[in-house]
Visitor: 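Have a look at this one before I ask anything.
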Amino acid sequence: MPRLVMKFGGTSVANVERIRNVARHVKREVEAGYDVAVVVSAMAGKTNELVGWVKEANALYDGKEYDVVVASGEQVTSGLLAIALQEMGLKARSWQGWQIPIMTSDAHGSARIADIDGSGISEGFERHKEVAVVSGFQGVHKETGRITTLGRGGSDTSAVALAAAIRAERCDIYTDVDGVYTTDPRIVPKAQRLDKVSYEEMLEMASLGAKVLQVRSVELAMMYRVPTYVRSSFDDPADPKLGTLICDEEDIMEQQVVTGIAYSRDEAQITLRNVADKPGIAASIFVPLAEANINVDMIIQVVSDDTTTTDLTFTVPSAEYERACAVLNAHKNEIEFRDLQGATDVVKVSAIGVGMRSHAGVAAKAFKALAEKGINIRAITTSEIKFSVLIDSAYTELAVRTLHSLYGLDKA
Ligand code: ADP
Ligand code: ASP
Ligand code: MG
């Protein structure tokens, strides 16, 4: 029998009534002839609550125990969904990450999946015609046997990885929107749903802030060529819509130059003033940051007037801002900067599209449009299929809407 992985996010399992609705979606697919593995998230808001409790217990918490606490949200929903399915007359059982097992690295709080043993789930399909209800987000580290979690939004990754492991025909990610839009539909009502989006573009959109899929899930979908749909759990289970297919670029007939606009508030800017302008200075700044595991994104070095000093601006994730400042101050003597200036009220707005490979002037058009709205650009980066600008966060919505209209993405 063909196999299917269905994943339901937090709002889709927010209470017992919503879980019953999920069970109806699952029943439909079982009746259509699929062996189904369902991956569930914790109920909406639950993981935030659990994280809050951990931080309240100790701000400098142990990562292993953090994972024990936050993984518990998914355990509740997997059990509840198995019960709801049984109540509808289907055979079903829950699986925790360690029971399958889903083996991961030991990077607690953001572990990576190393291997999934799909044999228990397959046996459940073949011997018992049993739906597998899998707790998303969780894994286990082989050597230590400790519970791990895959980072926020990680149930998407559990689902795609499981689909690859059990060779599912496709992976359906059910959420609270009916697909991937040209930008976040919550801030741009004129955003349009895409029927298809390429793996490459979805990867950029997710990396640049579109929270609809965890980045790692798109990487796995692309690597293992898992056809993945984003669709709504709020559709009538008897009359569902297909949503958005994430697929190979070649399978998309009509390509726009720009496919989507994303934004990320998770940025902080650091400027080092009057840094000595001599060989080795960039290394003296970025090597200590790399050693502290801090990702640097945009970098701008200003050509100096006096040829002895220069200014250097770059961005780091906002959660790493304080640590980055501490690392730089600790190396002040080697770097020889005069001042460190920082800003956390910044946002990165990006435009993504494979069409940029073959069109010139796409970014230039945006700079002009933003200037006309009086939006100052603090930093710019470009690559083959995207460009990003760093601006004051107060202008987030205006900038996203401006670019969305500029590239003809607004719904008529
Ligand atoms: P789930 O709990 O189901 O995992 P998420 O909140 O993680 O759901 O992801 C869905 C949300 O992603 C939507 O409610 C929407 O606000 C947001 N989002 C951001 N960018 C996009 C986009 N380009 N297309 C669709 N949704 C997006
Ligand atoms: N419950 C986890 C979170 O809120 C994982 C997920 O929902 O994908 O991040
Ligand atoms: Mg999510």
Side-chain angles (χ1 to χ4, degrees), residues 5 7 37-42 46-47 50-55 57-79 82 93-125 132-168 171 206-207 213-224 226 287-295 317 319-320 323 327:
V5 172
K7 180 257 170 179
V38 197
V39 174
V40 284
S41 291
K46 193 71 210 174
T47 309
L50 295 169
V51 171
W53 288 347
V54 171
K55 291 188 175 160
N58 184 356
L60 300 171
Y61 52 79
D62 172 5
K64 298 183 190 69
E65 303 307 340
Y66 166 96
D67 278 349
V68 170
V69 177
V70 301
S72 67
E74 273 70 12
Q75 176 158 340
V76 173
T77 39
S78 64
R93 71 153 280 189
S94 63
W95 291 89
Q96 306 313 305
W98 61 270
Q99 292 173 317
I100 293 175
I102 295 178
M103 293 294 183
T104 72
S105 68
D106 63 354
H108 285 277
S110 57
R112 278 168 83 93
I113 297 179
D115 188 38
I116 298 183
D117 180 355
S119 59
I121 290 176
S122 297
E123 199 178 313
F125 290 158
V133 185
V134 176
S135 287
F137 189 46
Q138 310 177 346
V140 59
H141 180 240
K142 193 174 191 173
E143 278 80 44
T144 59
R146 303 294 309 252
I147 291 173
T148 55
T149 61
L150 307 179
R152 299 306 305 270
S155 297
D156 299 328
T157 301
S158 309
V160 175
L162 185 63
I166 65 169
R167 297 184 202 291
C171 181
S207 314
L213 288 176
Q214 200 197 34
V215 177
R216 183 76 186 132
S217 72
V218 188
E219 280 174 6
L220 291 178
M222 184 158 127
M223 195 185 311
Y224 295 102
V226 179
V287 170
L289 290 171
E291 282 169 354
N293 255 324
I294 297 172
N295 273 330
E320 304 289 5
R323 231 160 48 83
V327 168

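Numbers for residues simply follow the sequence, beginning at 1.
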Visitor: So, E143 side chain and D106 main chain: donor-acceptor pair closer than 3.5 Å or not?
Guide: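 Between the backbone of D106 and the side chain of E143 there is no qualifying donor-acceptor contact (under 3.5 Å).
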Visitor: Could you verify whether a donor N or O on one side chain and an acceptor N or O on the other, from S41 and S155, lie under 3.5 Å apart?
Guide: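 S155 and S41 do have a side-chain donor-acceptor pair below 3.5 Å.
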Visitor: Of the non-hydrogen atoms in F125 and I166, which two are nearest, and what is the gap between them?
Guide: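 Reported closest heavy-atom pair: CE1-CD1, 4.0 Å.
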Visitor: When rounded to the nearest 0.5 angstrom, what distance separates CZ in R216 from OG in S110?
Guide: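 Taking CZ in R216 and OG in S110, the distance rounds to 11.5 Å.
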Visitor: For L220 and A161, which heavy atoms make the closest approach, and how far apart are they?
Guide: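 Of all heavy-atom pairs spanning L220 and A161, the closest is CD1-CB, 3.8 Å.
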Visitor: Go through I121 and L162 one step at a time and tell me if the side chain to side chain contact (heavy atoms under 4.5 Å, CB included) criterion holds.
Guide: CA-CA 10 Å; I121 290 176; L162 185 63; 4.0 Å; yes
Visitor: Could you check whether Q96 and S135, counting side-chain N and O atoms only, form a donor-acceptor pair closer than 3.5 Å?
Guide: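 Side chains of S135 and Q96: pair found under 3.5 Å.
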Visitor: Could you pull out the closest heavy-atom pair between A163 and C171, with the gap in Å?
Guide: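 The answer is CB-CB, 3.9 Å.
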Visitor: How many angstroms lie between CD1 in I147 and CD in E65, if you round to the nearest 0.5 Å?
Guide: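 I147 atom CD1 to E65 atom CD measures 9.5 Å (nearest 0.5 Å).
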Visitor: Are side-chain heavy atoms of V68 and R146 found at a separation under 4.5 Å?
Guide: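 They are in side-chain contact.
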Visitor: Could you check whether any side-chain heavy atom of V51 comes within less than 4.5 Å of a side-chain heavy atom of R152, counting everything from C-beta outward?
Guide: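 Yes, their side chains come closer than 4.5 Å.
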Visitor: Between the side chain of S78 and the main-chain N/O of V134, is any donor-acceptor distance below 3.5 Å?
Guide: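 No, the answer is negative, given that no donor and acceptor are paired below the 3.5 Å cut-off.
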Visitor: So among V39, V226, V38, which one has a side-chain contact (heavy atoms from CB on, under 4.5 Å) with V5?
Guide: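 Going through the options one by one, the only one that passes is V39.
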Visitor: Would you name the heavy atoms of A292 and V327 that are closest together and state the gap between them?
Guide: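 Closest approach of A292 to V327: CB-CG2, 3.9 Å.
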Visitor: What verdict does the side chain to side chain contact (heavy atoms under 4.5 Å, CB included) test give for Y61 and V69, after you've listed the backbone C-alpha separation in whole Å, the side-chain angles of each residue and the deciding distance to 0.1 Å?
Guide: CA-CA 11 Å; Y61 52 79; V69 177; over 6 Å; no
Visitor: Would a 4.5 Å heavy-atom cut-off, applied to side chains only, mark I116 and M103 as touching?
Guide: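 A side-chain contact under 4.5 Å is absent here.
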Visitor: Evaluate the side-chain proximity of K7 to D156: yes if any heavy-atom separation is below 4.5 Å, no if none is.
Guide: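 D156 vs K7: side chains touch.
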Visitor: Any donor-acceptor pair under 3.5 Å linking the side-chain atoms of D67 with those of T148?
Guide: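 On atom types as modelled, these side chains do not qualify, holding no pair under 3.5 Å.
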Visitor: Measuring from atom OG1 of T144 to atom NZ of K64, what distance do you get when rounded to the nearest 0.5 angstrom?
Guide: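 Going from the OG1 atom of T144 to the NZ atom of K64 covers 7.5 Å.
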Visitor: I want to check something: taking the side chain as every heavy atom from C-beta on, are R323 and I294 in contact at a cut-off of under 4.5 Å?
Guide: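 Sidechains of I294 and R323: in contact.
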Visitor: Which heavy-atom pair separates G139 from T104 by the least distance, and what is that distance?
Guide: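 Nearest pair, atom of G139 first, then T104: CA-CG2, 3.8 Å.
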Visitor: State, with a plain yes or no, whether a side-chain heavy atom of L213 is found less than 4.5 Å away from one of V160.
Guide: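 A side-chain contact is absent here, since even the closest heavy-atom pair is not under 4.5 Å.
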Visitor: Do N295 and E320 touch side chain to side chain, with heavy atoms closer than 4.5 Å?
Guide: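 With C-beta onward as the side chain, the pair stays apart.
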Visitor: Should L50 and Y66 count as side-chain neighbours, where that means a heavy-atom distance under 4.5 Å?
Guide: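 L50 vs Y66: side chains apart.
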Visitor: Please check: side-chain N/O of T157 versus main-chain N/O of S217, any donor-acceptor pairing under 3.5 Å?
Guide: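 Confirmed, T157 side chain pairs with S217 backbone.
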